[in-house]
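I have placed the structure first, in the form of C-alpha cells, so that the comments after it can refer back to it.
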Amino acid sequence: MNCIYFVIPCYNEQEVLPITAEQLRIKYDQLLQSGLIAESSRILLVDDGSKDRTWQIISQLHQKDSRFQGVKLSRNRGHQNALLAGLMTARSFCDAAISLDADLQDDINAMDAMLQKFQDGCDIVYGVRSDRETDTVFKRYTAQGYYKFMSGMGGELVYNHADYRLMSRRALDGLAEFGEVNLFLRGIVPMIGYRSDIVTYARKERPAGKSKYPLKKMLAFAWEGLTSLSIRPIRMITILGTLIFLVSIGMLIYSVIRHAMGATITGWTSLAVSIWAIGGLQLLAIGIIGEYIGKVYLETKSRPKYIIETYLGDSESK
Ligand code: UDP
Ligand code: MG
C-alpha cells in the first residue's frame, strides 16, 4: 500500500482550515479503508507566513492527531513556493504526494480516481476542472483565455488544470532537479515527463474565507507563467523588428520618389508620427527584453525559494 502525502499550502486560512481539516480527516479514513492509502500517509499543511491564526490551528491539529503535519515558512512566499516547500518536504517520506488548495474548491472525491491511476502506474495525475460554473464570469473568461494564449505562446500547460495533482516520488525527484527561481509549477510539471493522466472534477465554491488571488496577483501570476516558460515574445520582437525594417525601406523609396517630384516639405506629419511609433516600439521591446534579463539576474543569484521555520513531523510527535 502506498504512503501518500496530502500537501496543502495555507495563507491566512483560519476561517476555512477547520472545515477543511474535518473533511480531509473523513476522506483519509475512507481512502484508508478502501486500501488506496497506507496508514503512514500524512496531511501536510504548509503555512505560507500567515498573519492570522493559521499556524496555531495547524499546531493544534498536529497535537490532537499526528496524521496532520505542519510546515511553517519564515514568511509569505506565495502559493507556488509554499506548495514546493510542502512537496519537497514530503518527497523523502512518501510514495506520492497530492497537492490541493486549503479551501477545498477542488473536489477531494477525485482523489480516489487519482490514486487508482497511480496504482495503475501513472506518475503524474492532473486534476482537470470540467466546468467553471462557480467562478465569476470574469475569472472564467480570463483564465480560459490565458490557457489558450499560453499554448499559442508555446507553453505546455494542461488545459483547465490548476495545482490539484498527484505526483509520484520519482516525479517529485524530477521536479527537484529544476533549479529555477521563477517558479510556475503547472508549466514545469509537464516537462518532467513520465506516464501521466487526467482526472476531471467539478470545481466548487469556497466554503469560507476570501480568495487570496485578487486581480493584481492573478495578472502577476499570468505574466510570471508567460515569461518563465516561453521565449516566444523575444522572437516576436525580432519578427516585428524585421517587419518595421522592411516598411522603412519602403518609406525610403517612397521619400526619394517624393523628393524627385519636389514635394519634400509636406512630409513633416508622417515623419513626426513615425518617430513616435518607432520610439514607442523600441521602448516596448526594451521593456520585454529587460524582463528576461531581470529573470536571468534572479536565477544567477539562486536565492532559496523558501526557508522552513518549523516542521511538525513524525519524529517530533513521538
Ligand atoms: N496561498 C498561499 N500563499 C499565498 C496565496 C495563496 O499559500 O500567498 C494558498 C491559499 O491558502 C490556497 C491556495 O493558495 O490554499 C489557493 O488560493 P485561493 O483559493 O485564494 O485562490 P483561488 O482559488 O481563488 O484561485
Ligand atoms: Mg481557491
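We count residues from 1, following the sequence as given. Bear in mind the structure is a predicted one, so any value in this text is a computation, not a measurement. For ligands, and for the atoms within them, numbers begin at 1 and follow the listed sequence.
Among protein heavy atoms, the minimum distance from atom 18 (P) of ligand 1 is reached at Arg206 NH2, 3.5 Å. Counting only heavy atoms of the protein, atom 24 (O) of ligand 1 lies nearest to Ser211 OG, 2.5 Å. Asn76 ND2, 3.2 Å is the protein heavy atom nearest to atom 8 (O) of ligand 1. Ranking protein heavy atoms by distance to atom 20 (O) of ligand 1, first place goes to Lys212 N, 2.4 Å. The protein heavy-atom contact nearest to atom 25 (O) of ligand 1 is Lys139 NZ, 3.0 Å. Remark: minimum distance from atom 21 (O) of ligand 1 to any protein heavy atom is reached at Tyr213 CD1, 3.3 Å. Among protein heavy atoms, atom 1 (N) of ligand 1 sits closest to Tyr11 CB, 3.7 Å.
When non-hydrogen atoms are compared, ligand 1 lies under 4.0 Å from the backbone of Ala102 as well as from its side chain.
Within 6.0 Å of atom NZ in Lys51, more than 12 heavy atoms from other residues, nucleotides or ligands are found, so the atom counts as buried in its surroundings. Remark: Lys217 NZ is packed, more than 12 non-hydrogen atoms of other residues, nucleotides or ligands lying under 6.0 Å away. The local environment of CZ in Phe178 is crowded, with over 12 non-hydrogen atoms from other residues, nucleotides or ligands closer than 6.0 Å.
The pair Lys27-Asp29 fails the salt-bridge criterion, with no side-chain N (NZ, NE, NH1 or NH2) lying under 4.0 Å from an Asp/Glu carboxylate O. Comment: Asp107 does not engage Arg203 in a salt bridge, judged by the lack of any side-chain N to carboxylate O separation of less than 4.0 angstrom.
Listed here is the closest heavy atom pair of Pro9 and His79: CG-CD2, 3.6 Å. In terms of heavy-atom proximity, Ala102 sits nearest to Thr20 at O-OG1, 2.5 Å.
Taking 4.0 Å as the cut-off, Lys217 counts as a neighbour of ligand 1 on heavy-atom distance. Remark: distances from the non-hydrogen atoms of Arg203 to ligand 1 include one below 4.0 Å.
Between Gln69 and Tyr311, some side-chain heavy-atom pair lies under the 4.5 Å cut-off. Taking the side chain as every heavy atom from C-beta outward, Trp55 and Ser50 never approach each other to under 4.5 Å.
Atoms of ligand 1 lying under 4.0 Å from any heavy atom of Asp103, numbered from 1 in the order shown and given with element: 18 (P), 19 (O), 23 (O). Shown in contact with Glu13 at under 4.0 Å from a heavy atom are these atoms of ligand 1, numbered in order with element: 10 (C), 11 (O), 12 (C), 15 (O). Distances below 4.0 Å separate heavy atoms of Asp101 from the following atoms of ligand 1: 13 (C), 15 (O), 16 (C).
Seen from the ring of Phe93, Arg42 does not count as a face-on cation partner, given the 6.0 Å and 45° thresholds.
Checked options Tyr126, Tyr147, Tyr201; the residue passing with His161 is Tyr126 (criterion: ring-ring contact (aromatic ring centres under 6.0 Å, His included)).
For Asp103, the N, O or S atom closest to the Mg ion (ligand 2) goes by the atom name OD2.
Summarising the contacts of atom 3 (N) of ligand 1 with Asp48, Leu45, Val46, the nearest heavy atom is found in Asp48.
Taking only nitrogen or oxygen atoms, main chain and side chain alike, Lys210 does not reach within less than 3.5 Å of ligand 1. Considering backbone and side-chain atoms alike, Pro9 places an N or O below 3.5 Å from some N or O of ligand 1.
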